[in-house]
Amino acid sequence: MAMAVANQHESGDNINRHLDSSGKYVRYTAEQVEALERVYSECPKPTSLRRQQLIREFPILAHIEPKQIKVWFQNRRCRDKQRKEASRLQSVNQKLSAMNKLLMEENDRLQKQVSHLVTENGYMKRQLTTTVGTDASCESVDPTPQHSLRDANSHAGLLAVAEETLAEFLSKATGTAVDWVQMPGMKPGPDSVGIFAISQRCNGVAARACGLVSLEPMKIVEILKDRPSWFRDCRSLEVFTMFPAGNGGTIELIYMQTYAPTTLAPARDFWTLRYTKSLDNGRFVVCERSLSGSGAGSNASSAAQFVRAEMLPSGYLIRPCDGGGSIIHIVDHINLEGWSVPDVLRPLYESSKVVAQRMTIAALRYIRQVAHETNGEVVYGLGRQPAVLRTFSQRLSRGFSDAVNGFNDDGWSIMHCSGAEDIIVAVNSMKHLNSLTDSLSFIGGVLCAKASMLIQNVSPAVLIRFLREHRSEWADFNVDAYSAATLKAGAFAYSGLRPTRFSGSQIIMPLGHTIQNEEMLEVVRLEGHSLIQEDTFLSRDVHLLQICTGIDEDAVGACSELVFAPINEMFPDDAPLVPSGFRVIPVDAKTGDAQDLLTANHRTLNISTPETGSNPSSRCILTIAFQFPFENNLQENVANMACQYVRSVISSVQRVAMALSPSGLNPFSVSKLSPGSAEAVTLALWICQSYNQHLGSDLLRTDSLDGGSLLKQLWDHQDAILCCSLKPQPVFMFANQAGLDMLETTLVALQDITLEKIFDESGRKALCPDFAKLMQQGFACLPSGMCVSTMGRHVSYEQAVSWKVLADSEDNNNNSIHCLAFLFANWSFL
């Protein structure tokens with residue numbers, strides 16, 4: 001840090017001096033600096049022509065050499081870079097200091113826990129030696145004090161419950177009231193989201209988190225108390241009573257409903273007391289626990305759809321951090337009454353890892369996401385604001401959960417169950433899309449066909465990733481077109497009912513993602529072509545808004561989802577959404593938790609070494625739900641079509657799951673050139689060797705011949721590098737991260753993009769002579785130019801180089817041409 005500051009002072013001194021005609025250093029005048037700064041703010045890197053124009057525009061600079069002005073701009077850019085680096089280092093230092101403080105506190109807590117366990121162990125030994133003829137079973141005792149829940153019958157009684165809840169929560173958040181163990185696969189560190197732990201041997205299931213967030217405590221309190229905004233399983237939260245506690249705090253009585261994750265079990269609801277209080281040193285606490293009695297609740301018609309669950313003392317402790325931001329402690333401790341679900345689902349309701357992923361980690365990630373958006377560190381596509389895209393994600397997720405649960409008070413009613421697959425068909429005549437837009441007034445309601453099934457020996461993340469990337473293996477594009485047609489102005493616009501041929505290809509266009517890519521929002525375009533000659537000029541493409549979550553195979557206990565809804569090509573912020581999709585939830589036996597703790601903490605992710613996190617004996621529950629708007633006179637027809645379609649999807653997914661399982665062959669393998677695959681490592685080696693052979697220089701600066709390191713350097717290269725097949729119509733087959741950013745696409749969607757699509761008409765004409773030169777001599781250097789991203793944005797580049805990539809063949813001196821590579825240097829969006 002001191003070196004960076006010293007260099008900054010030295011650069012600041014040099015920038016204000018220049019050489020005069022006698023060779024002596026002379027300081028710039030204030031007027032000269034002001035003129036130069038004015039130009040620098042508009043163009044930090046002016047060309048030679050712009051610098052000459054600058055001298056003509058400002059006579060005060062006339063006696064300064066153009067070379068000296070060039071040096072001034074170089075020094076000015078260097079000073080800016082040093083300032084940014086100093087600011088970054090200061091921010092990293094503050095973050096490391098805060099994380100170090102957290103780790104020291106965690107170490108103190110663990111030492112107290114060890115001392116507590118040693119004392120408890122000594123006591124148990126004494127009991128065993130003094131007790132004769134009694135049952136000496138080592139049944140674990142929940143260290144959390146068990147208090148009888150009091151009725152909410154007076155303010156004084158509620159205040160006593162609130163203070164008791166506060167004390168118990170703090171003992172869990174910062175003490176040893178619960179036997180915490182580290183969450184598998186979530187090692188703490190400077191780049192981690194936080195420190196996560198799950199409970200062991202306690203009543204119910206519990207999870208704990210602590211982390212650093214760059215938001216003020218009061219802002220965090222507001223976000224966390226608005227649970228429906230970040231907790232995707234929260235259906236509704238209603239505050240029935242709120243009154244001051246007399247000590248600066250606030251007591252609220254709350255009724256909350258949560259969604260059931262599958263069609264196989266009823267949903268849960270909670271009747272709780274929430275206590276918000278300001279503590280010393282600027283700390284805030286929000287704690288909560290269940291109250292006894294029925295309290296408020298759903299009406300009689302929907303009461304059977306809920307099972308009352310218990311929330312043990314839980315909450316949030318927020319305290320200000322030195323240097324800005326806050327440190328958060330989160331504890332979620334609940335009893336989901338696992339006795340009320342089928343045995344196959346019991347592990348799902350008795351797993352601390354699931355609670356950690358769905359509640360605790362989700363809360364901390366959401367706050368960090370909001371903090372990054374507030375600081376302007378997140379950039380989204382299509383010009384949408386972050387809050388709008390978050391709303392789209394929430395609407396997709398909640399709409400899918402509404403369809404899976406089918407609550408009576410929302411207007412859902414069971415139409416019938418069909419076949420051995422246990423397909424449930426529910427109809428909602430109250431769910432009119434014309435409440436969102438007048439053009440859909442003919443719609444009679446929405447019909448949902450849904451089912452849940454057990455799948456074994458396949459990772460949820462792998463299955464969802466395959467369903468996302470290979471839609472043609474399970475989807476019927478004509479059904480997608482039918483669903484999309486409901487967004488049109490009338491039945492005559494049902495493009496899905498008109499003769500249409502779909503190419504089977506899909507283009508995935510990124511729209512937004514969370515910080516660590518655990519959730520991605522994207523637009524999917526399904527390409528279609530009309531079979532009627534007079535309609536050939538009309539687009540038959542179908543567009544879907546899609547959210548994909550949980551594709552990280554190392555996230556233990558995480559739920560994986562793929563939810564989508566048809567949209568118009570230019571969908572407004574209030575576009576109607578009718579979501580359908582898949583949800584895959586791991587339900588591994590709880591007895592395996594201890595083994596997970598021993599193994600999962602030692603797993604790391606390496607770009608050069610593909611690794612699967614699936615357990616060969618793992619089990620998961622797959623829930624499928626598809627919604628179809630219908631007209632009143634077509635309800636029965638749509639119901640039959642929905643059953644047939646969902647039955648077909650189930651068959652396809654079962655076939656895919658069997659192919660993806662370790663014991664089966666996989667005819668539908670994922671992209672061979674995904675980062676980390678052996679094919680990608682080989683291609684990286686060929687790219688670098690061919691570049692050196694054709695141009696006589698090294699593409700990457702590395703002394704290592706290891707293919708994994710070459711691939712990583714190629715992937716992180718600052719220039720866009722793309723490879724396309726050598727066919728009459730070249731199609732892209734690989735790109736590094738800069739190449740994907742330039743084209744605004746993904747590795748999967750890249751394989752549907754042809755070389756000619758990224759150039760306009762003039763660009764294609766200019767490419768023809770260079771392409772002939774490339775094929776003749778093996779490489780070609782292209783001048784500066786422009787290309788077009790998949791989102792239609794123009795991209796400029798200073799220079800481009802293309803060369804043949806030769807496949808290394810030991811038994812053939814004339815290596816065969818594998819593909820063509822392109823490098824676009826210093827590219828930027830216009």
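In this chain, residues are counted from 1 in sequence order.
- The backbone N or O of S393 lies less than 3.5 Å from no partner atom in the side chain of S397, so there is not a single donor-acceptor pair.
- Residues V370 and W230 fail the side-chain proximity criterion, which asks for heavy atoms closer than 4.5 Å.
- Note that NE2 of H717 is 8.0 Å distant from CG of N736, once rounded to the nearest 0.5 Å.
- Judged purely by atom type and a 3.5 angstrom limit, D480 has no side-chain atom pairing as donor or acceptor with the backbone of L544.
- A salt bridge does not link R471 with D476: none of the charged nitrogens is closer than 4.0 Å to a carboxylate oxygen.
- We find the CG-CG distance between L521 and L511 to be 4.5 Å, quoted to the nearest 0.5 Å.
- The nearest pair of heavy atoms linking A735 to W715 is O-CZ3, 3.3 Å.
- Counting only distance, with no hydrogens or angles, the side chain of K450 and the backbone of I424 share no donor-acceptor pair below 3.5 Å.
- Closest of all the heavy-atom pairs between P572 and F392 is O-CZ, 3.4 Å.
- Of all heavy-atom pairs spanning N405 and Y259, the tightest one is ND2-CD2, 3.5 Å.
- With respect to the salt-bridge test (charged N to carboxylate O, under 4.0 angstrom), the residues R358 and D332 do not qualify.
- One distance of note links CZ of F822 with CG of D719; it measures 15.0 Å at 0.5 Å rounding.
- Of the possible polar contacts, one joining the H372 side chain to the R368 backbone as a donor-acceptor pair under 3.5 Å is found.
- In this structure, the side chains of I621 and L345 come closer than 4.5 Å at one or more pairs of heavy atoms.
- The shortest heavy-atom contact between C787 and I758 is CB-O, 2.9 Å.
- Side chains of L722 and F824 form a contact here, defined as non-hydrogen atoms less than 4.5 Å apart.
- Annotation: side chain of V653 is in contact with side chain of L622 (closest heavy-atom distance under 4.5 Å).
- I330 is not listed as a side-chain neighbour of F196, based on a closest heavy-atom distance of 4.5 Å or more.
- Here the OG1 atom belonging to T258 is positioned 8.0 Å from the CD1 atom belonging to I334, to the nearest 0.5 angstrom.
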**Message:** Between M520 and Q546, is the side-chain contact (heavy atoms from CB on, under 4.5 Å) condition met? List the steps.
**Reply:** CA-CA 8 Å; M520 297 178 292; Q546 179 171 277; over 6 Å; no
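- A pairwise comparison of heavy atoms in F564 and G581 identifies CE2-CA, 3.8 Å as the closest pair.
- Proximity of E469 to R465: side-chain heavy atoms (C-beta onward) are separated by under 4.5 Å at one or more points.
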**Request:** Check the pair L463, V656 against side-chain contact (heavy atoms from CB on, under 4.5 Å), reporting the backbone distance first and the verdict last.
**Result:** CA-CA 8 Å; L463 179 58; V656 167; 4.1 Å; yes
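- The main-chain N or O of S229 is found under 3.5 Å from a side-chain atom of Q394 such that the two form a donor-acceptor pair.
- Judged by distance alone, the side chains of S452 and T263 do bring a donor and an acceptor atom under 3.5 Å apart.
- Stacking of R583 on the aromatic ring of F400 is not recorded, the 6.0 Å distance cut-off and the 45° axial limit not both being met.
- Not one N or O on the side chain of R235 forms a donor-acceptor pair closer than 3.5 Å with the backbone of R398.
- Environment of CE in M786: sparse, with no more than 12 heavy atoms of neighbouring residues, nucleotides or ligands closer than 6.0 Å.
- Using a 4.5 Å cut-off on side-chain heavy atoms (C-beta onward), R268 and M256 make no contact.
- Checked against the 6.0 Å centroid threshold, F582 and W474 count as a close aromatic pair.
- To the nearest 0.5 Å, atoms CD1 (I423) and OH (Y645) are separated by 12.5 Å.
- Side-chain contact between Q627 and N428: absent, with no pair of heavy atoms (C-beta onward) separated by less than 4.5 Å.
- For K219, the NZ atom is loosely surrounded, since the number of other residues' heavy atoms within 6.0 Å does not exceed 12.
- Nearest heavy atoms, L215 versus S326: O-OG, 2.6 Å.
- With respect to the salt-bridge test (charged N to carboxylate O, under 4.0 angstrom), the residues E519 and R232 qualify.
- To the nearest 0.5 Å, the span separating CH2 on W412 from CZ on F407 amounts to 12.0 Å.
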**Message:** Applying side-chain contact (heavy atoms from CB on, under 4.5 Å) to D226 and F231, what does each step give before you reach the verdict?
**Reply:** CA-CA 9 Å; D226 184 17; F231 183 29; over 6 Å; no
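- The pair D716-K712 meets the salt-bridge criterion, with a side-chain N (NZ, NE, NH1 or NH2) lying under 4.0 Å from an Asp/Glu carboxylate O.
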**Message:** Between M453 and I650, is the side-chain contact (heavy atoms from CB on, under 4.5 Å) condition met? List the steps.
**Reply:** CA-CA 9 Å; M453 70 194 74; I650 290 174; 3.5 Å; yes
